[in-house]
Amino acid sequence: MSRIKDIKFILREYKFKKPFCIAHSSALETENIEIQLITENGIVGYGESAPSFRINGETPEMVMSLESKVREMILDKDVRHYREIFNITDTLISSPSLRAGVQFSVIDAFCKECGIEVWEFFGGAKNEIETDRTVSVRPMKERIEEAIEIYKEGFRVIKIKVGENLNEDVEAICEIYRLTRGCRYIVDANENYNPKEAVHLAKRLYSGGIDISVFEQPVNRYNIEGLRYVRFNSPFPVCADESVRSRYDALRLIKEEAIDMINIKLMKSGISDAMSIVELAKSANIRLMIGCVSESSIGINQSVQFACGMGCFDFCDLDSHLMLDESEYRGEFKQIGSKMKVG
Ligand code: MN
């Protein structure tokens with residue numbers, strides 16, 4: 001038996017090395033919650049919740065306040081029966097990042113009990129992935145400097161945040177494209193265009209000879225018609241991020257033929273729904289990206305283990321830990337430039 005004897009929530013504050021800015025929102029620091037799950041055998045499973053008010057309507061205070069509730073829900077459950085614990089913690093619908101951290105800590109403890117690594121639990125498909133890095137929404141000169149720096153550091157997939165000013169966005173993408181040849185590009189509007197603006201941007205890029213690999217969340221999360229409009233009127237694959245949090249969101253968007261790709265984030269879906277969304281997407285020939293919120297190395301580790309084990313992600317946007325000032329590295333993976341290695 002490997003019964004859960006205690007679970008602890010520890011609030012941790014991290015500062016961004018420089019402000020992280022998307023359209024209409026910027027962050028200087030983040031508060032994440034480290035989860036420690038202790039079994040009767042003295043094994044500790046680790047997880048992290050990185051709450052996002054913008055994406056999920058969660059705050060760190062909300063997550064922290066659920067400590068005793070979660071303890072009550074899962075105390076004395078056996079981590080070997082992890083699906084039972086997933087089913088119980090799936091009821092944490094207002095706090096998906098907490099579902100993620102708790103569910104991961106259960107899997108981490110389960111794997112330690114079994115003597116396997118977490119990426120092996122998820123399937124052991126690959127032992128290495130490659131992450132992109134992100135260019136914030138900033139004044140033109142700074143966007144270009146940031147992109148060049150990323151390129152010089154050896155990253156070959158660049159995510160460009162857009163959505164505040166269409167003309168400046170086109171100019172920034174064109175300049176970055178010209179100065180960082182040979183990269184793949186993800187353009188992420190974080191819901192901030194309307195459908196016609198999004199198509200207009202895509203057509204201007206296309207007619208300028210620019211190829212982008214992914215056009216992410218061009219319009220509001222609830223505008224499914226709009227997503228489909230962009231999908232069928234722009235030459236680039238359209239990816240849902242904010243639109244897909246649960247397995248039900250994924251099923252609906254697939255049925256509506258609104259998207260080419262889904263950006264799965266553990267902090268939106270927990271481990272349970274992330275696993276379901278992978279299978280739904282595969283069944284529908286929808287491609288996959290894995291993304292992050294503001295996880296530290298301990299939280300990014302969750303997504304690295306998941307992505308390596310599943311082996312189904314065409315793009316990995318797992319760079320938040322690289323943007324944070326961390327006194328101690330807590331990942332179970334090796335970061336070598338853009339590569340993340342397990343095993
Ligand atoms: Mn996104």
Side-chain angles (χ1 to χ4, degrees), residues 16 19-27 30 50-58 96-97 100 129 131-138 143 146-147 150 155 157-164 169 172-173 176 184-195 197-198 201-202 212-224 226-227 230-231 234 236-246 249-250 253 258-269 273-274 277 281 286-295 299-300 302-303 306-307 313-323:
F16 281 90
F20 175 60
C21 311
I22 64 169
H24 309 299
S25 155
S26 77
T30 181
S52 166
F53 188 73
R54 186 186 67 82
I55 301 172
N56 293 323
E58 296 177 279
S97 74
I129 52 173
T131 184
D132 66 5
R133 288 218 61 185
T134 304
V135 177
S136 280
V137 173
R138 301 186 200 280
R143 289 166 99 166
E146 198 166 35
I150 287 168
F155 292 85
V157 184
I158 301 178
K159 177 177 273 201
I160 306 166
K161 293 287 189 182
V162 298
E164 263 188 20
D169 290 340
I173 296 165
I176 291 169
R184 290 183 295 162
Y185 305 89
I186 301 164
V187 172
D188 186 1
N190 289 107
E191 313 183 77
N192 281 290
Y193 291 132
N194 66 45
E197 286 169 337
L201 174 108
I212 64 171
S213 301
V214 186
F215 193 6
E216 185 173 332
Q217 199 65 49
V219 302
N220 180 271
R221 67 180 75 189
Y222 300 114
N223 192 353
I224 298 176
L227 276 175
V230 180
R231 183 188 185 196
S234 111
F236 306 124
V238 169
C239 178
D241 178 3
E242 286 87 342
S243 292
V244 174
R245 298 199 290 135
S246 69
D249 297 333
L253 264 75
I259 47 166
D260 300 288
M261 191 183 268
I262 296 172
N263 181 350
I264 293 179
K265 291 178 178 167
L266 300 183
M267 294 301 138
K268 295 185 298 185
S269 310
D273 272 30
I277 295 168
I286 296 287
R287 292 162 73 207
L288 289 166
M289 178 189 318
I290 187 162
C292 59
V293 176
S294 56
E295 295 97 313
I300 283 294
Q302 303 172 137
S303 300
F306 186 81
F313 294 97
D314 288 331
F315 292 92
C316 298
D317 172 30
L318 299 176
D319 62 347
S320 61
H321 63 307
L322 302 172
M323 299 185 206

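Note that ligands are numbered from 1 as they come in the structure, with each ligand's atoms numbered from 1 the same way. The structure displayed is predicted, hence computed values, not measured ones. The figures here come from the full heavy-atom set of this structure, side chains too, leaving out hydrogens, waters and symmetry mates.
- Salt-bridge formation is not detected for the pair K159/D132: no Lys NZ or Arg NE/NH1/NH2 atom is positioned less than 4.0 Å from an Asp or Glu carboxylate oxygen.
- D319 and T131 share no donor-acceptor pair across their side chains, judged by distance under 3.5 Å alone.
- For the pair R245/N56, a side-chain contact is recorded, criterion being any heavy-atom separation below 4.5 Å from C-beta on.
- Around the Mn ion (ligand 1), the protein N, O or S atoms closer than 2.8 Å are D188 OD2, E216 OE2, D241 OD2, listed by chain and residue number.
- Side-chain atoms of N263 never come within 3.5 Å of backbone atoms of A240 as a donor-acceptor pair (strictly under, hydrogens ignored).
- Residues S320 and V293 form no side-chain contact, since every pair of their non-hydrogen atoms from C-beta on lies 4.5 Å or further apart.
- Side chain to side chain, E58 and S52 fail the donor-acceptor criterion of an N or O pair below 3.5 Å.
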